[in-house]
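One structure is given below, encoded as structure tokens.
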Amino acid sequence: MPPSYRINNLLAEKPLDTEITVTGWVRTRRDAKGNFSFLEINDGSCLANLQVIADDSIPNYDTEVLRLTTGCAASITGMVIASPAKGQEIELKATTITVTGWADPKSYPLQKKRHSFEYLRTVPHLRPRTNSLGAVARLRGALSFACHEFFNQRGFVQIHTPVITTSDCEGAGEMFTTTNLDLDNLPTTAGKVDYQQDFFGRRAALTVSGQLEAEAYALALGNVYTFGPTFRAENSNTSRHLAEFWMIEPEMAFCDLNGNIDLAEAFIKHLLQYVVDNCQEDFDLFCRFIEKNLATKIHNALTTPFARITYTEAVEQLRKSKHKFTFPVQWGTDLQSEHERYLCEDVVGGPLVVSDYPKEIKPFYMRANDDNKTVAAMDILLPGIGEIIGGSQREERLDLLVARMTEQGLDLDEYSWYLDLRRYGSAPHSGFGLGFERIIQFVSGMGNIRDVIPFPRTPGSATS
RNA sequence: UCCUGGGUAGCUCAGUCGGUAGAGCGGGUGACUGUUAAUCACCUUGUCGGGGGUUCGAAUCCCUCCCCAGGAGCCA
């Protein structure tokens with residue numbers, strides 16, 4: 001049996017005059033006079049195709065090879081030879097071709113041409129067979145690995161926080177209720193659903209953040225992180241939002257806001273550097289076809305320290321600027337998208353960290369600053385993407401936390417376990433959440449978040 | 001959810017003043033060529049998003065619903 005090769009390894013090693021086997025999917029077939037054909041084979045290991053030469057010495061040349069079309073799957077054995085023509089260094093001179101799966105060209109949704117991303121979204125199960133979506137899939141996998149590499153190098157422990165949670169208010173948006181009650185015959189008490197009869201004996205939902213649970217483990221293990229799916233039942237229909245997305249959330253004990261920002265900047269730069277170093281071929285595709293200035297954008301983000309300003313300074317800058325805004329700028333209200341864009345894209349022209357927001361517009365767990373007006377919060381904005389990271393130093397002082405929660409009308413009993421973390425052995429600690437799909441968008445230049453996750457879930461759409 | 005723009009052949013789109021539809025690509029056949037977004041010739045394809053209305057007549061005008069994209073809000 002000749003050795004099997006993945007095309008990426010084959011193109012790198014170039015084992016000339018060796019008999020090998022390659023398996024993959026036909027991208028195109030071009031017939032030449034003299035009874036032979038060129039096949040472009042892609043096996044998903046890399047962007048590049050392998051050119052296969054098939055002639056009529058192959059037993060099934062007339063009956064099968066000449067019927068191969070885009071999308072067919074085949075196993076091909078032959079000799080690796082130097083290519084006499086331009087366009088590729090090596091090619092495979094086939095001796096046997098076994099077709100394992102046909103793809104009727106009349107009905108196969110992918111044609112030998114470029115398709116719009118919008119159309120490809122209608123065939124999410126087939127779109128990874130295209131150049132760009134295949135590249136995105138490899139990039140996503142590489143970035144996932146780079147996340148774990150980054151935290152592993154720094155001694156962080158990965159924590160698997162629960163996907164199903166009973167904290168009914170974490171201040172991060174609408175939740176998806178999980179239940180095994182009979183929806184056509186709900187048990188009720190006084191006109192309301194009786195969740196005591198539900199699986200967990202109370203209402204449960206899909207997590208909107210692993211932060212609170214991560215805090216518990218940070219205050220035991222020091223530095224931890226979570227990397228998992230997150231769910232938001234918000235009816236938001238934009239190119240940057242998903243109902244199901246993946247989030248990376250580090251949490252560090254004995255760490256203040258500045259340490260938090262330093263880690264966030266190092267983390268983003270690690271991810272970008274990993275792509276530049278390890279995904280050249282796919283990255284090059286994005287630079288050429290997806291976003292014109294991608295290479296420069298990434299290079300600048302890698303070589304320039306992230307700009308850092310406070311919310312108060314941001315408001316001052318916006319008020320001083322001659323730029324016309326649709327929404328007024330005033331201290332105390334959240335920055336609008338147009339404000340963030342102006343600061344990040346026009347003023348800074350790169351990643352921007354905004355810190356110390358007014359406490360009124362931030363959740364209860366963020367640590368109060370000494371001015372009693374702001375909290376130790378930080379957002380990191382990326383040009384073209386907007387908010388990539390949201391984080392804070394957490395309020396570690398029990399009395400202040402309780403006061404804040406009471407102020408916001410939260411049920412202290414619900415959070416008694418969370419308050420225990422301050423009641424017993426409390427310590428300063430910080431963390432942030434990074435939207436995984438958004439960093440993929442930034443590094444790839446892909447405009448729509450639905451195209452950087454395999455099977456996107458958005459309002460009204462959850463097709464596999 | 002709001003605003004704006006869309007929905008016409010398998011895909012990407014054009015379609016004038018209301019007169020029942022076209023192009024390119026794809027696919028098929030043939031020719032030609034170590035081809036590589038191959039090329040050339042011929043052929044092929046329609047519930048004009050759904051429903052209702054105006055009209056002698058609607059892809060075109062009106063109402064309504066559905067879906068998609070971009071922007072906003074919310075956030076990551």
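So that the names make sense, note that chain A is the first sequence line, chain B the second, and so on, each numbered from 1. Below, each value reflects all heavy atoms present in this structure, side chains not excepted, and no hydrogens, waters or symmetry copies.
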Assign [X] to base, sugar-phosphate, or nothing according to its heavy-atom contacts below 4.0 angstrom with the strands shown.
| X | answer |
| --- | --- |
| H115(A) | sugar-phosphate |
| E91(A) | base |
| Q88(A) | base |
| S236(A) | base |
| F245(A) | base |

- prompt: In B/S/- notation, 5' to 3', how is nucleotides 22-27 of chain B contacted by protein heavy atoms closer than 4.0 Å?
  reply: --BBSS
Spacing of the [atom1] atoms in [M] and [N] (rounded, Å):
| N | M | atom1 | answer |
| --- | --- | --- | --- |
| rG52(B) | rU60(B) | P | 14 Å |
| rU12(B) | rG27(B) | C1' | 16 Å |
| rC42(B) | rA9(B) | P | 24 Å |
| rC67(B) | rG24(B) | P | 35 Å |
| rC32(B) | rA37(B) | P | 23 Å |
| rC43(B) | rA38(B) | P | 23 Å |
| rA58(B) | rG71(B) | P | 38 Å |
| rG28(B) | rG53(B) | C1' | 43 Å |

query: Hey, are the side chains of K269(A) and F306(A) touching, using non-hydrogen atoms and a 4.5 Å cut-off?
result: yes
- prompt: Is the closest side-chain heavy-atom distance between E338(A) and T326(A) below 4.5 Å?
  reply: yes
task: Map T28(A) and N235(A) onto RNA chain B by nearest heavy atom, then report which one ends up closer to the 5' terminus.
output: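 By nearest-heavy-atom nucleotide position, the 5'-most residue is N235(A).
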message: Pick the closest RNA chain B nucleotide for P109(A) and for A85(A) by heavy atoms, then say which residue is nearer the 5' end.
response: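 With P109(A) and A85(A) compared, the 5'-side residue is P109(A).
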Short side-chain N/O contact to rA76(B) OP1/OP2 from R438(A), under 4.0 Å: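 No.
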- prompt: Can you tell me if CD on E89(A) sees more than 12 non-hydrogen neighbours from other groups inside 6.0 Å?
  reply: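 Atom CD in E89(A) is not crowded, with 12 or fewer foreign heavy atoms closer than 6.0 Å.
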Atom [atom1] of [X] to atom [atom2] of [N]: distance rounded to whole Å?
| X | N | atom1 | atom2 | result |
| --- | --- | --- | --- | --- |
| D334(A) | rG73(B) | CG | C1' | 11 Å |
| L110(A) | rU12(B) | CG | P | 12 Å |
| M175(A) | rA76(B) | CE | C1' | 15 Å |
| D31(A) | rU29(B) | CG | C1' | 13 Å |
| H241(A) | rG73(B) | NE2 | P | 9 Å |
| D104(A) | rG10(B) | CG | C1' | 11 Å |
| E89(A) | rG34(B) | CD | C1' | 17 Å |
| E174(A) | rC74(B) | CD | C1' | 11 Å |

Side chains of [Y] and [X]: any donor to acceptor distance under 3.5 Å?
| X | Y | answer |
| --- | --- | --- |
| Y225(A) | E251(A) | no |
| Q211(A) | E215(A) | yes |
| R6(A) | N8(A) | no |
| S83(A) | E91(A) | yes |

message: As an exercise, state the distance from CZ of F231(A) to CG of L206(A), rounded to the nearest 0.5 Å.
response: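 Going from the CZ atom of F231(A) to the CG atom of L206(A) covers 5.0 Å.
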message: Base of rU1(B), side chain of E234(A) - is there a donor-acceptor contact under 3.5 Å?
response: no
Judged by atom type as modelled, is there a donor-acceptor pair below 3.5 Å linking the side chain of [X] to the main-chain atoms of [Y]?
| X | Y | result |
| --- | --- | --- |
| Q51(A) | E40(A) | no |
| D43(A) | I7(A) | yes |
| Y365(A) | Q393(A) | no |

query: Side chain of A32(A): nearest nucleotide among rU33(B), rC75(B), rA72(B)?
result: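 Nearest nucleotide to the side chain: rU33(B).
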query: Of the nucleotides rA76(B), rU12(B), rG34(B), which has the atom closest to the S83(A) side chain?
result: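 Taking heavy atoms from C-beta onward, the closest nucleotide is rG34(B).
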Which side-chain N or O atoms in residues 350-357 of chain A pair as donor and acceptor under 3.5 Å with protein atoms at least two apart or in another chain?
{"from": "D356(A)", "atom 1": "OD1", "to": "N369(A)", "atom 2": "ND2", "distance (Å)": "2.8"}
{"from": "Y357(A)", "atom 1": "OH", "to": "D379(A)", "atom 2": "OD2", "distance (Å)": "3.3"}

Protein-nucleotides 64-71 of chain B N/O pairs closer than 3.5 Å?
{"from": "rC68(B)", "atom 1": "O2'", "to": "E118(A)", "atom 2": "OE2", "distance (Å)": "2.3"}
{"from": "rA69(B)", "atom 1": "OP1", "to": "R121(A)", "atom 2": "NH1", "distance (Å)": "3.0"}
{"from": "rG70(B)", "atom 1": "OP1", "to": "N448(A)", "atom 2": "ND2", "distance (Å)": "3.1"}
{"from": "rG70(B)", "atom 1": "OP2", "to": "N448(A)", "atom 2": "ND2", "distance (Å)": "3.1"}
{"from": "rG71(B)", "atom 1": "OP2", "to": "S239(A)", "atom 2": "OG", "distance (Å)": "3.0"}

Identified pairing partner of [N], criterion: Watson-Crick or G-U wobble below 3.5 Å:
| N | result |
| --- | --- |
| rC25(B) | rG10(B) |
| rC48(B) | none |
| rG18(B) | none |
| rA69(B) | rU4(B) |
| rC32(B) | none |

query: Which residues, if any, of residues 37-68 of chain A bring a heavy atom under 4.0 Å of RNA chain B?
result: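 Within residues 37-68 of chain A, the residues near RNA chain B are F38(A), E40(A), Q51(A), I53(A).
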- request: Would you please name every residue forming a ring pair (Phe, Tyr, Trp, His ring centres under 6.0 Å) with F283(A), sequence neighbours left out?
  value: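 Partners of F283(A) under the ring pair (Phe, Tyr, Trp, His ring centres under 6.0 Å) test: none.
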- prompt: Which residue pairs pass the side chain to side chain donor-acceptor pair (under 3.5 Å) test with at least one member in residues 105-117 of chain A, sequence neighbours excluded?
  reply: Y108(A)-R129(A)
- request: Please work out whether the ring planes of F267(A) and F150(A) are parallel, tilted or perpendicular, with thresholds of 30° and 60°.
  value: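 Tilted.
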